[in-house]
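In each ligand, atom 1 is the first atom listed, and ligand 1 is the first ligand listed. Not measured: the values here are computed from a predicted model.
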Amino acid sequence: MTHISSCTASTLKDAATSLRSGNLVAFPTETVYGLGVDATNKAAVVHLYQVKGRPSDHPLIVHISSMANLDKWATEIPEYAIELGRVFWPGPMTLILPKTNLAKDFITGDQDSVGLRVPSHPVASALLTEFEELGGLGVAAPSANRFGKVSPTTADHVFEELSGYLSPTDLILDGGSCQVGVESTIINCTQNLPEILRPGAITATMISDVTGLQVNQLSFGFNKLTIKAPGLLQSHYAPKAKVFLSTTPNSGDGFIALNDISTPPGAIRLASPKDNKEYAQILYQALRLADNKKLPNVIVIPPTGDDLAIAICDRLEKSAYKS
Ligand code: TXA
Ligand code: MG
């Protein structure tokens, strides 16, 4: 049985060695927990896709300890991408860049670009540094959930979701609850202007402030989908409970809203975040709670604003029940 390990200097060293040997290591990042694998080890990546239950044409993000390793994986990097990296890395941002030969098709889902991220969580950072000291070049890590399900924000969530699929040699590192709570902002940097493929904590305004450029945004509605970022598929981030947005709950339904919105009679309050930042932090945990309580439905009142609210609404639209 895979076990959960605390994060001491020696367990981090062991985890890095284990990654180099081709095992999987789930680890905390500031956004959500990732399921890591040596990004150059094809057999290990195949195992990762099996554990996740993810189609192999869906690309993985490669995690590196610093920008120093960027040009091992990416080429023809536009100046605006360098600026973004300097300002927002380490942090909750993924850049899609033209790939080098190091980024094999089994990482990129046959695309000619690669996703790269320098995470800021101290455990992720220490793990990547150890891994690189052992000669590793990058750790591919999708969110540590089964394909289409809610991303995990604690080590226990990873265990609940994946322990039945991981091998005994795989490992889960426990670094507490994730601070951001929704996945990184994904920015396509293969064109003249940056384009947000998945909204997150780094917003369009922040990107245009740093680069001085107009930021293209995919419409995050249901009709303008692109296979480039399968996180944009219609049904994603979904718990077992049916998620309904802005409807009136029936008695026994779960209810999630900002804390200034009172609980309708008979509804079961699952979360009362005080602001949008806390909303993002606890959203996935609250959706999991609905399943733990075996609630059939959960009614969510989405937040408003142009900050993390955009990322939250994006995930909620995808998790929402489609009849
Ligand atoms: O916050 C995060 O980004 C977390 C943590 C663990 O770093 N990771 C994460 O990975 O959310 P994942 O695999 O669950 O979602 C990555 C998304 C997918 O929708 C994938 O299609 C997209 O990134 N992606 C990766 N490489 C890409 C590429 N070359 N072009 C377009 N999209 C890409
Ligand atoms: Mg994911």
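- Remark: the backbone N or O of Val139 is paired with a side-chain donor or acceptor of His63 at under 3.5 angstrom.
- Residue contacts with ligand 1: Ala141 is included, with a non-hydrogen atom under 4.0 Å away.
- Under 4.0 Å from ligand 1, the heavy atoms of Ile186 that appear belong solely to its side chain.
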Exercise for review: Go through the steps for Arg198 and Arg315 under the test side-chain contact (heavy atoms from CB on, under 4.5 Å), then give the verdict.
Suggested key: CA-CA 9 Å; Arg198 179 176 71 182; Arg315 307 309 190 272; 3.6 Å; yes
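- Between Asp105 and Lys99 there is a salt bridge, since at least one side-chain N of the basic residue sits less than 4.0 Å from a carboxylate O of the acidic one.
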Exercise for review: Would you sort out whether Val300 and Val243 count as a side-chain contact (heavy atoms from CB on, under 4.5 Å), showing the intermediate values?
Suggested key: CA-CA 7 Å; Val300 187; Val243 175; 3.9 Å; yes
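- A donor atom on one side chain and an acceptor atom on the other are found under 3.5 Å apart for Asn188 and Glu195.
- Asn276 places no side-chain N or O within donor-acceptor distance of the main-chain N or O of Tyr279, the cut-off being under 3.5 Å.
- By the 4.0 Å heavy-atom criterion, His58 is excluded from the residues contacting ligand 1.
- Residue contact check: Ser184 has heavy atoms under 4.0 Å from atoms 1 (O), 2 (C), 3 (O) of ligand 1.
- Backbone or side-chain N, O or S atoms of Ser151 do not reach the Mg ion (ligand 2) at under 2.8 Å.
- Ligand 1 does not have Lys99 within reach: every non-hydrogen atom of the residue lies 4.0 Å or more from it.
- Near Gly34, meaning under 4.0 Å from any of its heavy atoms, are these atoms of ligand 1: 6 (C).
- Within ligand 1, the atoms closer than 4.0 Å to a non-hydrogen atom of Arg54 are 12 (P), 13 (O), 14 (O), 18 (C), 20 (C), numbered from 1 in the order shown.
- Annotation: His63 places an N or O atom under 3.5 Å from an N or O atom of ligand 1; distance criterion only.
- Closest heavy-atom approach to atom 14 (O) of ligand 1 among the candidates Ala144, Ser143, Gly36, Ser151: Ser143.
- Annotation: Thr108 places no N or O atom under 3.5 Å from an N or O atom of ligand 1; distance criterion only.
- Considering backbone and side-chain atoms alike, Tyr33 places every N or O at 3.5 Å or more from each N or O of ligand 1.
- Under a 4.0 angstrom heavy-atom cut-off, Ile96 registers as being in contact with ligand 1.
- Under the 3.5 Å distance criterion, with hydrogens and angles disregarded, no donor-acceptor pair is assigned to the side chains of His47 and Asn23.
- No N or O atom of Glu183 sits closer than 3.5 Å to an N or O atom of ligand 1.
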